[in-house]
Amino acid sequence: MRIKSIHVGVVFSFFMLALACSPDEPDNRIEHDLTPFVLDTKHLTPPTIPADNELTEQKVRLGRMLFHDDRLSADNSMSCATCHVQSTGFSDTNTFSIGVNGFPGKRQAMVAFNMAYNTNEFFWDGRAHLLRDQAVLPIQDSLEMDLAMADLITRLSAIEEYQDQFIRAFGSSTVTEERIGLALEQFMNSIISVDSKYDKYLRGEVTLSASEERGRELYFAEFNPGFPDSSGADCAHCHGGLNFENDLYMNNGLDSDADFDDYGRELATGNQSDRAKFKVPTLRNIELTPPYMHDGRFNTLEEVVNHYNTGMVMSSTIDPALIYPINSGGLNLSNQDVQDLVAFLKTLTDQEMMNNPDYKSPF
Ligand code: HEC
Ligand code: HEC
């Protein structure tokens with residue numbers, strides 16, 4: 001639906017005159033209209049979209065093409081969507097995704113929905129500051145799509161369909177790394193998951209089963225072994241808020257110092273105090289995005305809950321909230337509690353996002 005047009009033609013004509021002599025500037029800018037893209041986040045607070053990249057129909061559309069286009073990889077065999085598969089929560093169920101050269105990456109793929117709610121950097125270690133910075137890295141990564149940016153620019157510039165879409169989105173057919181990043185950022189920011197059973201429960205549209213309800217209580221209740229009847233698993237301490245994450249990097253007790261083989265956040269910040277800390281990921285659609293953790297070490301949600309229940313180990317950077325349960329011999333969850341927690345986690349699955357035609361390949 002067309003809400004309002006921003007007329008930028010006049011502004012662009014002015015720029016054309018001002019920049020007519022600059023060798024970097026295209027001479028084919030034309031008048032173009034941008035239509036604001038309306039993000040429907042239902043009962044979720046709308047996210048903060050970067051002010052210099054407000055969503056528009058035209059840029060979201062271009063980003064969607066880029067996201068699904070195999071021509072973004074060296075041998076035309078792989079797109080972002082190869083590893084971020086819509087039907088499995090925009091993630092990859094392979095432990096380590098295989099890139100165009102046949103080699104596996106070093107970490108489990110992350111999900112690429114509700115990115116607009118992620119406000120503290122990207123990747124498991126947060127090494128990409130903005131989503132637009134992140135988006136251009138897999139294209140050039142030799143373990144992923146392995147296409148040099150200059151080659152991608154040459155390639156896209158020769159495709160008429162892209163010339164047309166770049167004009168619509170940016171006012172000229174010039175392909176640049178920045179524009180590719182901005183368009184991919186827009187498409188990912190347009191992917192919203194807000195229709196799980198739990199969302200419908202919050203909106204009063206459905207009720208939870210007895211097991212799901214017990215799991216919900218355990219998920220949100222604090223760990224308090226002195227009062228076993230009300231002691232919970234305190235998952236919301238980190239996987240909190242309506243996107244079930246906290247925008248922080250933490251160590252959740254997977255390994256002791258001697259067993260750290262991925263330094264995580266330290267690789268991005270250089271601080272030893274960040275060693276083996278990883279992004280706290282959203283738990284939305286978690287049922288469909290196995291295997292779990294940055295190295296995909298757990299295959300099922302039962303294994304994950306058992307990790308928090310009995311498997312956590314101490315280390316120098318463990319999150320302080322986990323020291324009490326570790327010193328208490330774990331969360332003391334019964335088998336029934338584990339099942340109930342898993343039942344609750346499965347209420348976070350959003351089939352409507354999985355099937356949303358707006359996110360599918362336009363090709
Ligand atoms: C070969 C598989 C593969 C391809 C292709 C791929 N990704 Fe990823 N993606 C991953 C992996 C693995 C990670 C985690 C890497 C890490 O943390 O070091 C990731 C992480 C991400 C994240 C970070 C999410 C977060 O919460 O921080 C985003 C966003 C993303 N990818 C988008 C894209 C886009 C856009 C493309 C295409 C330009 C793309 N990916 C192509 C495998 C892939
Ligand atoms: C102290 C913070 C913290 C608490 C409490 C916590 N988590 Fe986590 N969780 C994390 C971090 C950090 C990661 C990512 C760790 C990694 O991959 O190295 C994670 C990862 C996960 C994953 C894997 C996600 C994925 O995409 O691979 C699941 C599932 C999960 N947690 C569920 C839970 C449940 C259920 C609870 C409660 C029993 C819980 N977490 C409590 C911090 C926490």
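Quick caveat: nothing in here was measured; it's all calculated off a predicted structure. Counting starts at 1 for both ligands and their atoms, following the listed order. Values below: every heavy atom of this structure, side chains too, minus hydrogens, waters and symmetry copies.
- Residues L62 and F170 have side chains in contact (heavy-atom distance under 4.5 Å, counting atoms from C-beta outward).
- If you number the atoms of ligand 2 from 1 as listed, the ones under 4.0 Å from a heavy atom of D234 come out as 5 (C).
- With hydrogens and angles ignored, the 3.5 Å screen pairs a side-chain donor or acceptor of H68 with a backbone N or O of Y359.
- Ligand 2 has a nitrogen or oxygen under 3.5 angstrom from a nitrogen or oxygen of M293.
- Checked by atom type and distance alone, the side chain of D234 never pairs as donor or acceptor with a backbone atom of E222 at under 3.5 Å.
- Annotation: cation-pi pair R64/F187 absent, no NZ/CZ under 6.0 Å from the ring centroid and within 45° of its normal.
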Under the side-chain hydrogen bond (donor to acceptor under 3.5 Å, both in side chains) criterion, do E287 and T349 qualify, and how do the steps go?
CA-CA 7 Å; E287 174 186 12; T349 304; 2.6 Å; yes
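- Between the side chains of N114 and S193, not a single donor N or O lies within less than 3.5 Å of an accepting N or O.
- Shown are V194, D350, N356, N285; of these, the side-chain contact (heavy atoms from CB on, under 4.5 Å) with F113 is made only by N285.
- Listed by number with element, the atoms of ligand 1 under 4.0 angstrom from any heavy atom of Q108 are 12 (C), 14 (C).
- Set against the non-hydrogen atoms of M188, the atoms of ligand 1 under 4.0 Å away are 29 (C), 32 (C), 35 (C).
- E245 and H239 are not linked by any side-chain donor-acceptor pair at a separation below 3.5 angstrom, with hydrogens and angles left out of the test.
- Polar contact with ligand 2: absent for N251 (N/O pair, distance under 3.5 Å).
- Per-residue contacts place L254 under 4.0 angstrom from the following atoms of ligand 2 (heavy atoms of the residue considered): 16 (C), 18 (O).
- The contact set between ligand 2 and D319, taken as ligand atoms under 4.0 Å from a residue heavy atom, comprises 1 (C).
- Remark: ligand 1 atoms within the under-4.0 Å shell around heavy atoms of A135 are 38 (C).
- Close contacts between ligand 1 and L131 involve ligand atoms 29 (C) [criterion: under 4.0 Å to a heavy atom].
- Checked by atom type and distance alone, the side chain of E185 never pairs as donor or acceptor with a backbone atom of N53 at under 3.5 Å.
- Ligand-side atoms of ligand 1 in range of S79: 5 (C), range being under 4.0 angstrom from any heavy atom.
- For I139, the heavy-atom gap to ligand 1 drops under 4.0 angstrom.
- Short contacts between ligand 2 and Y292, defined as distances under 4.0 Å to a heavy atom of the residue, involve ligand atoms 23 (C), 27 (O).
- Contact between N118 and ligand 1 is present, with at least one heavy atom of the residue lying under 4.0 Å from the ligand.
- Atom CG of N327 sits in a crowded spot, with more than 12 heavy atoms from other residues, nucleotides or ligands closer than 6.0 Å.
- Of all the heavy atoms of L66, none lies under 4.0 Å from any atom of ligand 1, so neither backbone nor side chain is involved.
- Cation-pi geometry between R127 and F123 is satisfied (NZ or CZ under 6.0 Å from the ring centre, within 45° of the ring normal).
- By the 6.0 Å contact criterion, NZ on K106 is open, its count of non-hydrogen atoms from other residues, nucleotides or ligands being 12 or less.
- For the ligand labelled ligand 1, residue R127 lies inside the 4.0 Å heavy-atom shell.
- Closest to atom 25 (C) of ligand 1 among all protein heavy atoms lies K279 NZ, 3.3 Å.
- With respect to atom 24 (C) of ligand 1, the closest heavy atom belonging to the protein is M115 CE, 3.6 Å.
- Using a 3.5 Å distance cut-off with no hydrogens or angles, the side chains of S79 and D69 do not pair a donor with an acceptor.
- Note that R216 lies outside the cation-pi zone of F344, set by a 6.0 Å cut-off to the ring centre and a 45° limit from the axis.
- Using 4.0 Å as the threshold, W124 has a heavy atom nearer than that to some atom of ligand 2.
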As a quick check of understanding, evaluate salt bridge (Lys or Arg N to Asp or Glu O under 4.0 Å) for D199 and R203, giving each step before the final call.
CA-CA 6 Å; D199 291 304; R203 300 199 293 258; 5.3 Å; no
Step-by-step side chain to side chain contact (heavy atoms under 4.5 Å, CB included) determination, R71 to M78
CA-CA 7 Å; R71 289 172 292 192; M78 172 173 275; over 6 Å; no
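- Between the S73 side chain and the S77 main chain, a donor and an acceptor come within less than 3.5 Å of each other.
- Within the protein, the N, O or S atoms lying under 2.8 Å from atom 8 (Fe) of ligand 1 are H84 NE2.
- Residue-level proximity to ligand 1 for M145 is carried by the side chain, the only part with a heavy atom below 4.0 angstrom.
- Any protein N/O/S atom under 2.8 Å from atom 8 (Fe) of ligand 2 was counted, giving 2 altogether.
- In summary, the atoms of ligand 1 found under 4.0 Å from a heavy atom of F122, numbered by their order in the structure, are 27 (O).
- For I286, the heavy-atom gap to ligand 2 drops under 4.0 angstrom.
- Within 6.0 Å of atom CD in E178, 12 or fewer heavy atoms from other residues, nucleotides or ligands are found, so the atom counts as exposed in its surroundings.
- Between Y324 and F223, the ring-plane angle classifies as perpendicular under the 30° and 60° cut-offs.
- Partner D262 forms a side-chain contact (heavy atoms from CB on, under 4.5 Å) with one of D255, L267, L254, D125 and no other, that one being L267.
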